[in-house]
Structure formats: C-alpha cells, structure tokens
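Letters A, B, ... mirror the listed sequences (proteins, then strands); counts begin at 1. Note that these values count all heavy atoms, side chains included, but never hydrogens, waters or copies made by symmetry.
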Amino acid sequence: MFGHFRPEFYVHRQTPMLDIQLLRSQLDRVAERLASRGKVIDFSEFTALETERKTLQARTQELQSQRNLLSKQIGMLKSKGEDVAGVMAEVAALKAELEAAEARLNALLTQFNAILATLPNLPHESVPVGSGEHDNVEIKRWGTPRVFEFAVRDHVDLGERAGRLDFASAAKISGARFAVMKGDWARLHRALIQFMLDTHTAEHGYTEVYVPYLVNRDSLFGTGQLPKFEEDLFKVPRGDAEPFYLIPTAEVPVTNIVRDAILAAEALPLKLVCHTPCFRSEAGAAGRDTRGMIRQHQFEKVELVQIVRPEHSWEAHEELTRHAEAILEKLDLPYRRMVLCTGDMGFAAAKTYDLEVWLPAQQTYREISSCSNFEAFQARRLQARFRNDKQKPELVHTLNGSGLAVGRTLVAIVENYQNADGSITIPEVLRPYMGGVVRIASAT
RNA sequence: GGAGACGUGGCCGAGAGGUCGAAGGCACUCCCCUGCUAAGGGAGCAUACGCGCUAAAACGCGUAUCGAGGGUUCGAAUCCCUCCGUCUCCGCCA
C-alpha cells in the first residue's frame with residue numbers, strides 16, 4: 001500500500017530520545033525521574049535485554065573481526081598467487097554463527113529501541129510533580145479582568161449576530177470543527193498574524209521563515225509527534241509514495257530545519273518565527289470545546305523556535321516565554337502563566353509554561369500559548385548539533401512556544417473588547433494593521 | 001510526466017571488488033621557522049557504538065557507517081535491486 005515504505009525501518013534507524021549512556025549508567029535515577037511523570041520502567045526487562053545485548057554484541061563484533069581479518073588474508077594471498085582454499089574454508093566455518101548472531105542482535109536492538117522510543121523526556125528539577133492538569137502551578141498573573149456593565153456574550157454569539165462568524169457554512173463545506181470568518185473579523189485575524197510577526201522580528205530578534213505544511217514521517221519523528229501520536233495527525237496518502245502529513249504545528253517543519261545539521265557555534269542562538277496553519281484531527285477530544293473556535297481542525301499559529309547552546313537553554317526558555325507574554329501585554333489581555341506539572345507535560349518536554357488568557361464569557365483562563373524547553377531530547381533524534389569550543393559536534397537544545405495561537409487570540413480580543421451593542425473595540429496596537437479602524441462589527 | 005547524469009568526511013574532490021575509513025586540496029588545531037596588512041616546514045584532524053583502562057577524560061583495541069534500505073560475495077564506496085534527493089534537457093503549470 002505504501003510501496004517500499006516500511007514502518008519498522010524507523011525503529012531501527014532512529015536513535016532513542018534519551019541519552020543511552022545515561023540510561024545504562026544511571027538507570028535508577030532515570031527511572032525515578034520518569035516515575036515522577038507517571039512512566040514506569042520495567043527494570044527486569046530492561047536489564048535482561050541489556051545483559052544479553054552486551055554479550056551478543058561483543059560476540060558478534062568478535063566474529064566480524066575474524067571474518068574481516070581472514071578476508072584480508074584472502075586478498076593478500078591471491079595477489080601473491082597463492083592457494084586460498086584453506087582460509088576460505090576457515091571463513092566459511094564462521095559464517096553460520098556470524099549470521100545467527102547478527103540476526104539475533106538485530107532483533108534485540110529493535111526490541112530495545114522500541115522500548116526506548118516510548119520513554120518521555122526527563123522533567124527538569126523545577127517542574128512540580130503531579131498527575132494531571134489540576135496539579136499545574138500558577139506562576140504569575142498579569143492584568144485585571146474587565147468588569148462588564150452588561151451581559152457578556154461569547155465570541156460565537158458576537159460573531160454570528162454580526163454576521164462575521166459562520167459555522168453553518170463551514171460545516172457545509174467541510175464539517176464540524178471548522179470556521180468561516182467574514183469581513184472585518186477575517187481582517188482582524190490577518191492583522192493579528194502581521195502584528196505578531198512584526199513584533200517578534202522587530203523587537204525580539206527572530207528571523208521569519210516560511211516552511212512546508214506537508215511533511216514526511218522523518219520530520220514528525222524528529223520532533224516527537226511520531227510514533228506515539230499518529231492519531232492526532234491528518235495523513236495524506238500519495239499512492240505508492242510515502243504519505244505526507246499535515247503539520248499539527250510549525251514546530252515540526254521549523255525545528256526540522258536543523259535536522260542532520262552541524263551548525264557553526266556562531267550560528268547560535270538560532271531564533272526563528274513562523275506563521276503557519278495547523279491541522280489537528282482532535283481524535284481524543286470528542287465532545288470537548290465543541291462550541292466556537294477554541295478547538296478546530298484547522299487554525300493559525302505564530303510559532304517561536306529557538307536552537308541554542310545547551311548552557312543557554314534555561315535562560316532562553318524564560319526569554320521565549322516573555323516574548324509570547326509580550327504579545328498578550330501589548331494587546332492588553334489579562335493572562336496567567338502556569339508551569340505544567342510532570343504528569344501534564346508533553347512527551348518531549350523537560351519543562352513547559354502554558355500561558356492562559358482570560359475569557360470573560362467562560363469566566364476562566366484558557367490556554368493560548370505553550371512554551372517548552374526540550375533540552376537535547378529532540379536534538380538527539382534530529383541529530384541537530386553544533387561545533388562546540390573543542391570543535392566537537394555536540395547536541396543543541398531546542399525550544400518552542402506559541403507566540404500566539406491566532407484563533408484563540410481573536411476569541412480573546414472579541415470577548416474582552418466587546419461593547420454593549422455587540423461591536424468590538426480594536427486594541428490600539430492593532431489599529432495600524434486595520435487601516436486605522438477603531439471599532440468593528442457594530443450592529444449596522 | 002518523459003529522457004539522461006549524479007549523490008564520498010566541515011567543504012571541494014580522487015577512488016571502478018581485496019592491506020580504503022577512504023589519495024589530494026581547502027578550512028581548522030598544535031608545533032617550528034620567520035617576522036607583521038603575509039609566507040614556508042612538520043604533525044594532527046569524521047561520527048556512532050562496544051570492550052579495555054580511568055575518578056572522569058585522554059588513550060588503546062574492535063565493530064558499523066561513502067544518500068537510505070536490501071541483495072550478490074570469503075570480502076562492496078566500487079556489482080545488482082528498490083527508495084529518497086540533486087542537476088540538465090523536453091513537456092505541463094499558479
């Protein structure tokens with residue numbers, strides 16, 4: 001069906017995401033830290049596999065060495081015109097054992113890697129231990145939720161009444177979890193993208209990039225969306241060729257820019273900002289956020305990505321999070337910063353801050369950005385390295401964060417900036433992007 | 001889409017079944033000489049993994065890797081198959 005595309009190929013090829021040396025030398029410590037995020041390692045299976053691997057690998061390599069030695073002899077003898085039958089017989093005797101050893105070792109390594117591929121990143125020491133969302137810890141709050149003197153409407157109400165939001169058409173065209181926006185709402189949506197990109201490039205030192213929205217499997221493995229989260233992705237079959245996948249986030253194409261690359265030390269830090277649509281099947285989200293634009297199959301996002309030297313990644317994590325917060329502050333949207341607990345973090349993250357914006361209609365804070373430091377976890381898979389001060393290749397650290405999710409930002413603006421007549425006041429920083437318009441979507 | 005060529009280390013580039021992990025050049029590091037908007041000489045310089053030795057390195061030995069995967073062979077960068085990618089020409093196209 002996919003021609004010569006073989007899923008098992010990736011199990012072989014991909015290096016595990018945790019440092020294999022660390023696992024071997026400090027299994028206890030690794031197990032303990034993984035346990036804090038609800039991942040239990042089977043010690044006995046691991047050590048048993050590891051023991052067998054050692055002896056088998058040593059034996060295989062020994063046999064290979066013998067074969068190589070004898071083969072060289074054959075070459076030498078032949079060039080002198082001497083008889084090689086004896087050596088040929090000797091090497092033939094090795095063959096059966098060598099082939100068996102190689103096959104077993106291969107099978108073992110496949111099994112080993114399959115286990116390793118399921119291990120998530122180790123959480124940073126500063127991450128609170130917890131089992132789920134309720135254990136996340138609020139770090140800070142910014143802004144004061146506005147007090148309304150009229151009954152607040154949510155964005156769906158506001159948009160549909162004003163004829164700017166049309167879910168019925170979207171459902172007809174595609175289905176549930178899509179939106180059609182019209183007129184000044186569509187323009188506001190576009191304005192937000194421009195505003196975010198301009199701010200990050202002009203004020204925060206990012207370079208804007210444009211990237212493919214259809215990516216291959218290798219890229220999804222590189223950033224950790226595969227193999228575990230295939231059901232969240234939209235897959236695009238291509239006959240016999242390897243399928244494409246629609247990107248779930250710009251993180252995938254942008255971070256994969258440095259896959260298999262050895263960067264010059266001077267190239268770091270690499271700070272990239274990218275606007276893309278994002279596509280998510282939302283397979284596990286049936287029934288959640290079915291109203292409105294909060295959870296869509298297709299949405300726009302401006303993504304911040306940093307590729308940095310390992311010693312700078314924690315500093316960069318704070319900085320990148322501030323860059324995302326700056327957008328909320330310029331828009332004067334109240335928000336809070338949460339640090340995700342061990343049980344709620346993504347697979348590849350060492351630490352994640354979520355930014356949550358105030359939504360007056362829901363009387364709650366909702367996620368609008370997620371900023372993570374992956375340390376070397378992604379880089380190890382990506383084989384993304386730089387030449388360190390000793391001129392040796394060393395894994396980089398990767399980070400990313402939404403700066404911000406555009407659709408949710410639009411929701412936050414219309415809800416927070418709504419007026420009694422259903423119109424929306426445009427935040428000052430956006431007016432230049434709206435042709436100077438101050439209010440939109442009034443009843444007339 | 002059709003026809004052809006090609007893919008070798010940080011870069012360029014030899015290599016055509018046997019002491020090839022890979023000549024030579026550039027870049028880089030160290031040393032010597034010299035002396036100042038530079039040149040010459042010498043040495044070193046791929047990555048991953050395993051084993052040994054270490055406090056840890058360095059180091060030593062081994063294995064694998066010449067776009068990727070598989071095959072032929074005692075032995076593959078070299079031969080065969082498949083895939084991926086690049087370039088040239090033709091066709092088509094926003």
If we call it a pair only when both distances are under 3.5 Å in a Watson-Crick or G-U wobble match, what pairs with [N]?
{"N": "B:rA76", "result": "none"}
{"N": "B:rU37", "result": "none"}
{"N": "B:rG52", "result": "B:rC59"}
{"N": "B:rU19", "result": "none"}
{"N": "B:rC6", "result": "B:rG85"}
{"N": "B:rU47", "result": "B:rA64"}
{"N": "B:rA27", "result": "none"}
{"N": "B:rA94", "result": "none"}

| message | Could you check whether A:R408 pairs with A:E300 (Lys NZ or Arg NE/NH1/NH2 to Asp/Glu carboxylate O, under 4.0 Å)? | response | no
| said: Under 4.0 Å between a side-chain nitrogen and a carboxylate oxygen: does that hold for A:K235 and A:E230? | reply: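 A salt bridge links A:K235 with A:E230.
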Measuring only the [atom1] atom in each nucleotide, how far is [N] from [M]? A whole number of Å is fine.
{"N": "B:rG15", "M": "B:rC93", "atom1": "P", "answer": "43 Å"}
{"N": "B:rG85", "M": "B:rA16", "atom1": "C1'", "answer": "23 Å"}
{"N": "B:rC83", "M": "B:rA3", "atom1": "P", "answer": "14 Å"}
{"N": "B:rG71", "M": "B:rG10", "atom1": "C1'", "answer": "33 Å"}
{"N": "B:rG21", "M": "B:rU47", "atom1": "C1'", "answer": "11 Å"}
{"N": "B:rC51", "M": "B:rA57", "atom1": "P", "answer": "13 Å"}
{"N": "B:rG7", "M": "B:rG25", "atom1": "P", "answer": "22 Å"}
{"N": "B:rA46", "M": "B:rC12", "atom1": "C1'", "answer": "16 Å"}

Distance-only donor-acceptor pairs under 3.5 Å for side chains of residues 91-101 of chain A, two or more places apart:
residue, atom, partner, partner atom, Å
A:E97, OE1, A:R59, NH2, 2.9
A:E97, OE2, A:R59, NE, 2.8
A:E97, OE2, A:R59, NH2, 3.0

| query | Hey, would you say the A:F377 and A:H397 ring centroids sit under 6.0 Å apart? | reply | no
| said: Can you confirm whether or not the ring centre of A:H275 sits under 6.0 Å from the ring centre of A:Y210? | reply: no
Need one value for [X]: base, sugar-phosphate or nothing, where a base atom within 4.0 Å counts as base even if backbone is also close, heavy atoms only.
{"X": "A:K78", "result": "base"}
{"X": "A:I74", "result": "base"}
{"X": "A:Q21", "result": "sugar-phosphate"}
{"X": "A:R59", "result": "nothing"}
{"X": "A:N68", "result": "sugar-phosphate"}

Could you state the [atom1]-[atom2] distance from [X] to [N], rounded to the nearest angstrom?
{"X": "A:L63", "N": "B:rA64", "atom1": "CG", "atom2": "C1'", "answer": "15 Å"}
{"X": "A:E266", "N": "B:rG10", "atom1": "CD", "atom2": "C1'", "answer": "12 Å"}
{"X": "A:L56", "N": "B:rU63", "atom1": "CG", "atom2": "C1'", "answer": "13 Å"}
{"X": "A:L70", "N": "B:rU63", "atom1": "CG", "atom2": "P", "answer": "12 Å"}
{"X": "A:R53", "N": "B:rU63", "atom1": "CZ", "atom2": "P", "answer": "17 Å"}
{"X": "A:K392", "N": "B:rC45", "atom1": "NZ", "atom2": "P", "answer": "9 Å"}
{"X": "A:L69", "N": "B:rG18", "atom1": "CG", "atom2": "P", "answer": "18 Å"}
{"X": "A:Q64", "N": "B:rG75", "atom1": "CD", "atom2": "P", "answer": "12 Å"}

| task | Find the distance between OG1 (A:T409) and CG (A:L328) and round it off to the nearest 0.5 Å. | result | 6.5 Å
| What's the spacing between A:L333 CG and A:Y417 OH if we round to 0.5 Å? |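 Going from the CG atom of A:L333 to the OH atom of A:Y417 covers 5.5 Å.
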| Just to confirm, is there a sub-4.0 Å distance from OP1 or OP2 of B:rC45 to any side-chain nitrogen or oxygen of A:R387? | no
| Is the distance from OP1 or OP2 of B:rC51 to the nearest side-chain N or O of A:K54 less than 4.0 Å? |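 Checking A:K54 against B:rC51: at least one side-chain N or O falls below 4.0 Å of OP1 or OP2.
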The side chain of [X] is closest to which nucleotide in this list: [options]?
{"X": "A:S65", "options": "B:rU63, B:rU47, B:rG10", "answer": "B:rU63"}
{"X": "A:R385", "options": "B:rA48, B:rC74, B:rG21", "answer": "B:rA48"}
{"X": "A:Q61", "options": "B:rG75, B:rU47, B:rC49", "answer": "B:rC49"}
{"X": "A:K72", "options": "B:rC74, B:rG21, B:rG10", "answer": "B:rG21"}

| message | Please compare A:M76 and A:A92 by the position of their nearest nucleotide in RNA chain B and report the one closer to 5'. | response |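 This one resolves to A:M76.
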| said: Could you tell me if A:E282 and A:H297 have a donor-acceptor pair between their side chains, going purely by distance under 3.5 Å? | reply: no
